[in-house]
Amino acid sequence: MDIKSLKNYLYWLYCQFELITCSYLMEPWEKLLFYTFNITMLVMVLYTAYIFVPVHISTAFQFFLHLLGNQHENTYHENLE
Amino acid sequence: MERPERAAAALGAQPRANGCSGAAHGALRNGYVRGLPAPDTQVNQIVHNGGLYKRPFNEAFEETPMLVAVLTYVGYGVLTLFGYLRDFMRQWKIEKCQNATERAEQKDFVPLYQDFENFYNRNLYTRIRDSWNRPICSVPGAKVDMMERVSHDYNWTFTYTGRVIKDIINMGSYNYLGFAQKAGTCQEAAAEVLSQYGAGVCSTRQEMGNLDKHEELEELVARFLGVESAMAYGMGFATNSMNIPALVGKGCLILSDELNHASLVLGARLSGATIRIFKHNNMQSLEKLLKDAIVHGQPRTRRPWKKILILVEGIYSMEGSIVRLPEVIALKKKYKSYLYLDEAHSIGALGPSGRGVVEYFGLSPEDVDVMMGTFTKSFGAAGGYIGGKKELIDYLRTYSHSAVYATSLSPPVVEQVITSMKCIMGEDGTTVGKARVQQLAENTRYFRRRLKEMGFIIYGNEDSPVVPLMLYMPAKIGAFGREMLKRNIGVVVVGFPATPIIESRARFCLSAAHTKEMLDTALKEIDEVGDLLQLKYSRHRLVPLLDRPFDETTYEETED
């Protein structure tokens with residue numbers, strides 16, 4: 001029963017997507033074109049995220065660490081003098 | 001007469017005319033407006049609107065939720081892109097072109113079908129076209145029969161399956177008092193007159209088309225409205241468009257509401273007068289225009305305007321709003337202009353005895369210079385009328401285009417109007433008319449309250465039998481119409497260009513012929529479809545009453 005209600009819910013969500021993007025009104029080949037375009041774009045965005053987000057995060061982390069580290073070193077040296 | 005105690009809560013969302021503009025003038029001290037209160041009660045003055053309103057004026061237009069507006073634009077954007085794609089394919093003959101185009105010899109002429117209206121027509125309207133022009137095959141009463149049709153090429157052509165869908169609950173016809181019947185006193189009287197006079201008149205009013213039935217009708221209409229004299233015309237649209245040019249001309253000023261009907265707009269344009277638009281039902285905007293008109297006069301010559309005519313409607317059918325008539329009349333008297341009131345939807349539907357919006361506000365019909373209305377909506381017939389002073393109507397009998405050129409009303413139609421009007425007035429000896437007016441008022445209040453409780457966004461005044469339910473997204477327009485028809489309820493959905501492009505709606509027209517069971521069935525189905533299509537956008541949730549007596553009228557709801 002849970003699977004059935006889950007499937008109904010997912011179908012209902014799909015209907016909402018259809019209504020909002022007006023693919024409810026499109027002919028089948030238009031729907032195919034629209035979904036292909038959307039899914040392609042989505043896959044490309046996800047792939048780019050998968051490749052680049054860890055690199056970007058680690059670079060940013062290093063940059064901030066360097067900034068804070070420099071600050072610490074400067075104040076430390078000033079205190080010494 | 002109840003005091004407008006709740007005017008504060010009721011008018012919370014809208015800017016109120018301050019009492020000063022009306023009350024400061026001695027001219028308002030007549031029997032229809034309360035006396036001037038002392039200056040130290042200025043705050044109460046503003047709250048009670050100068051004492052012009054004898055009953056609460058509950059009108060609300062909930063704002064479009066931001067997310068819904070954005071998604072609506074997204075939907076229209078996607079459809080526009082696909083529209084360009086399809087146009088490209090039609091241009092390059094990849095797809096067969098099924099809409100109207102120029103002939104091959106005219107390809108180099110100025111293009112006829114490239115404007116936005118035609119683009120919208122072929123790419124957006126055609127996709128959902130099956131919700132309109134549905135052929136019905138019975139009298140449009142509370143229930144109606146419809147011929148089933150299917151389309152195999154996505155709404156470019158339709159074929160009839162041969163089946164008739166029976167007993168569809170009719171929420172779309174302008175049948176406010178339920179006089180669209182095929183049996184009963186009205187029908188018998190009309191059949192009798194048909195056998196006596198025939199169907200055609202074969203002449204205009206001024207030539208040989210002035211029947212004694214027309215004289216009887218006009219005398220009855222004048223008595224019904226409380227005016228000196230009235231004249232009836234064959235077509236409601238033509239009443240407006242052909243008579244406004246007879247009343248005003250060049251050198252006159254017309255102040256017309258933003259959302260006036262096409263017939264009023266056409267009549268105003270045909271007259272040749274200068275037209276200025278004021279914001280919908282906004283009395284500050286109207287007063288500003290009046291002040292500017294009096295102070296500055298005509299554009300270049302600075303001469304005073306010959307006439308200033310204010311065009312308003314009793315009930316605006318797309319918004320469900322009622323005109324602020326007490327304030328309009330106060331302004332009209334202050335600035336010495338004329339008022340043309342189009343009661344197409346409000347005659348028969350408002351007021352304790354169905355005499356229209358003038359009676360609803362408790363005002364005198366003498367304050368309105370030209371009272372226009374139609375017989376199409378509440379009387380179950382066709383045609384229109386204009387009522388007013390005797391000099392005005394005598395003038396219109398001679399100078400109106402409709403009287404000179406248009407065929408006069410058909411006798412059975414006249415008899416239908418006469419019988420139904422007598423029924424409403426109670427002159428046929430029964431209380432059927434009064435019962436119908438009360439039933440309509442109860443139906444209106446019940447239906448509107450239940451829809452608001454469910455969480456839909458409903459526009460308009462609490463007492464208007466026209467109920468617009470907001471849909472917003474273009475796909476939901478088509479989906480709503482189709483889903484309701486599947487559940488045996490016929491509704492009218494409206495989109496661009498009758499409404500602004502993102503504010504598409506479904507418009508329900510309530511009727512005295514709807515029983516509570518029919519309304520409950522309809523409400524249940526609307527609830528279901530609302531959940532299916534996610535139409536419950538309202539963010540002002542009302543507290544549902546624990547027990548819902550049918551005839552309870554409560555104004556407890558406040559908006560915050």
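Nothing here was measured: the structure is a model prediction, and the numbers come from that model. By convention in this document, chain letters (A, B, ...) are assigned in the order of the sequence lines, proteins followed by strands, and residues within each chain are numbered from 1.
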Practice task
May I ask you to say whether B/R149 pairs ionically with B/D130, meaning some side-chain N is under 4.0 Å from a carboxylate O?
Solution key: no
Practice task
Without swapping roles, check the side chain of A/Y11 against the backbone of A/L6 for a donor-acceptor pair under 3.5 Å.
Solution key: no
Exercise for the section: Return the option, out of B/L533, B/T72, B/L85, B/L79, with the maximum number of heavy-atom pairs under 4.5 Å with chain A. Expected result: B/L533
Exercise for the section: Report the residue from B/V164, B/I165, B/L485 that forms a side-chain contact (heavy atoms from CB on, under 4.5 Å) with B/E148. Expected result: B/I165
Practice task
Report yes or no: do B/N121 and B/N118 form a side-chain donor-acceptor pair below 3.5 Å?
Solution key: no
Handout entry: Which atoms of B/N123 approach chain A - backbone, side chain, both or neither, heavy atom under 4.5 Å
Key = neither
Exercise for the section: Tell me, for B/L71 versus chain A, whether the close heavy atoms (under 4.5 Å) come from the side chain, the backbone, both or neither. Expected result: both
Completion exercise
Under 4.5 Å to a heavy atom of chain B? For A/E27 that would be both
